[in-house]
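Take a look at the structure set out below.
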Amino acid sequence: MTLADDAIAWYETNARDLPWRQPTTSAWGVLVSEVMLQQTPVVRVEPAWRSWMTRWPTPADLAADPPAEAIRMWGRLGYPRRAMRLHACAVAMVERHDGEVPSDLDQLLALPGVGTYTGRAVATFAYGQRHPVVDTNVRRVVSRAVEGKPDAGAATTAADLVAVEELLPPDEATAAKASIAFMELGAIVCTARAPRCLSCPFETACAWHATGENLPEGPSRKPQRYAGTDRQVRGLLLEVLRHASGPVPRQRLDVVWSDEVQRARALAGLVDDGLVEPLGADDFVLAGDNQRPQPQDL
DNA sequence: AAAGCGTGGAT
DNA sequence: TATCCAAGCTT
């Protein structure tokens, strides 16, 4: 039995029942789930994903609406640039791929917001192809089970892809199952904080378990501050703009943060990123909102 | 290649 | 309370 075999067997009876794993889910549905899951936990993604798919069942549906609507629907999932990119991705798929999610990995990787992980995840989970799908869960599982180290490095490397590829069975469909199984194992058993080694199908094979599960010395990532950062200010500004139906006067944005310099910098950053657009001298809207007729236009 | 980018729940 | 962490991507 290989690790892949053990993982697949374990997955058959232990996998969570997530909507984007239903066989009827479209490749678009898989892509949306993958983007939403970038740095956002499953429990928060699930309801958002359902709403999103109900409103925009296909890429063409999303592409037909302005980015502002995507940013609103994104709600508080975090990193709203992902909503922008998902919208841009839908537009690109309409333009370049006849409104379909491409199955070719290189075409996937060329889409906005689709990187090393997401591209392979879509090719694998939506189209059943054989690719190493390497996210934080898989890196942790492989780091522990194969290398005996408590945690993986900070970011995915080419070597990680090779290491995971070598664990995949040759058959395409089986490899795809192994990929989702490795991820699920990392998500619910081989967790960062309190791994459930006694419930792990790798228990006897795991190099890390064999050496006594020595814990990592420090955090695997650099701790990221939030309070007081531009990110917090951007979040506050965007929260106001999300709930506005028309142009927002600058004064309404001024009240969210007292430091004028930082506030201006954060707003400029949102404009730079294409999330927000200035409208006239002192009004702001979410990207594309100026294309909707405003009350004063009627 | 390291830093920037949201948000909220768990410990 | 503060820190860690959650299916990363872009520049």
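Chain identifiers are assigned alphabetically (A, B, ...) following the order of the sequence lines, protein sequences preceding nucleic acid strands; residue numbering begins at 1 within each chain.
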If I take atom [atom1] in residue [X] and atom [atom2] in nucleotide [N], what distance separates them, rounded to the nearest angstrom?
X        : N     : atom1 : atom2 : value
A:Tyr226 : C:dT1 : OH    : C1'   : 18 Å
A:Leu37  : C:dC5 : CG    : P     : 19 Å
A:Glu34  : C:dA6 : CD    : P     : 16 Å
A:Leu236 : B:dG6 : CG    : P     : 11 Å
A:Tyr79  : B:dG4 : OH    : C1'   : 8 Å
A:His87  : C:dC9 : NE2   : C1'   : 19 Å
A:Arg120 : C:dC9 : CZ    : P     : 10 Å
A:Arg242 : B:dT7 : CZ    : C1'   : 10 Å

Give a yes/no answer on whether the side chain of [X] brings an N or O atom under 4.0 Å of OP1 or OP2 in [N].
X        : N     : answer
A:Arg265 : B:dG4 : no
A:Arg76  : B:dG8 : yes
A:Arg234 : B:dG6 : yes
A:Thr118 : C:dC9 : yes
A:Gln39  : C:dG8 : yes

Assign [X] to base, sugar-phosphate, or nothing according to its heavy-atom contacts below 4.0 angstrom with the strands shown.
X        : result
A:Thr116 : sugar-phosphate
A:Leu238 : nothing
A:Leu275 : nothing
A:Gly115 : sugar-phosphate
A:Trp74  : nothing
A:Arg225 : nothing
A:Val42  : base

**Request:** Decide whether A:Val94 and A:Val35 are clustered together by the hydrophobic rule: side chain heavy atoms of Ile, Leu, Val, Met, Phe, Trp, Tyr closer than 4.5 Å, transitively.
**Result:** no

**Prompt:** On a plain distance test, is the side chain of A:Arg231 in donor-acceptor contact with the base of B:dT7 below 3.5 Å?
**Reply:** no

**Request:** Report yes if a donor N or O on one partner sits less than 3.5 Å from an acceptor N or O on the other, where the partners are the side chain of A:Thr156 and the base of C:dG8; otherwise report no.
**Result:** no

**Message:** The side chain of A:Asp230 is closest to which nucleotide in this list: C:dG8, B:dG6, B:dC5?
**Reply:** B:dC5

**Message:** Can you tell me which nucleotide in C:dG8, B:dG9, B:dG6 comes closest to the side chain of A:Arg193?
**Reply:** B:dG9

**Rounded C1' spacing from B:dA2 to C:dA7 in Å** = 22 Å

**Message:** Centre-to-centre under 6.0 Å for A:Trp28 and A:Trp56, is that the case here?
**Reply:** no

**Asked** Should the pair A:Asp171-A:Arg130 be classified as a salt bridge under the 4.0 Å nitrogen-to-oxygen rule?
**Response** no

**side-chain contact (heavy atoms from CB on, under 4.5 Å), paired with A:Arg234, selected from A:Leu270, A:Leu267, A:Thr229, A:Val276** = A:Leu270

**Fill in**
From the list A:Met93, A:His97, A:Glu100, side-chain contact (heavy atoms from CB on, under 4.5 Å) with A:Pro59 holds only for A:Met93

**Item:** Given DNA chain B, 5'-ward residue of the pair A:Val43 and A:Gln38, judged by closest heavy atom
**Value:** A:Gln38

**Message:** If you apply the rule salt bridge (Lys or Arg N to Asp or Glu O under 4.0 Å), what do you find for A:Arg55 with A:Asp61, and how did you get there?
**Reply:** CA-CA 8 Å; A:Arg55 177 153 180 194; A:Asp61 294 320; over 6 Å; no

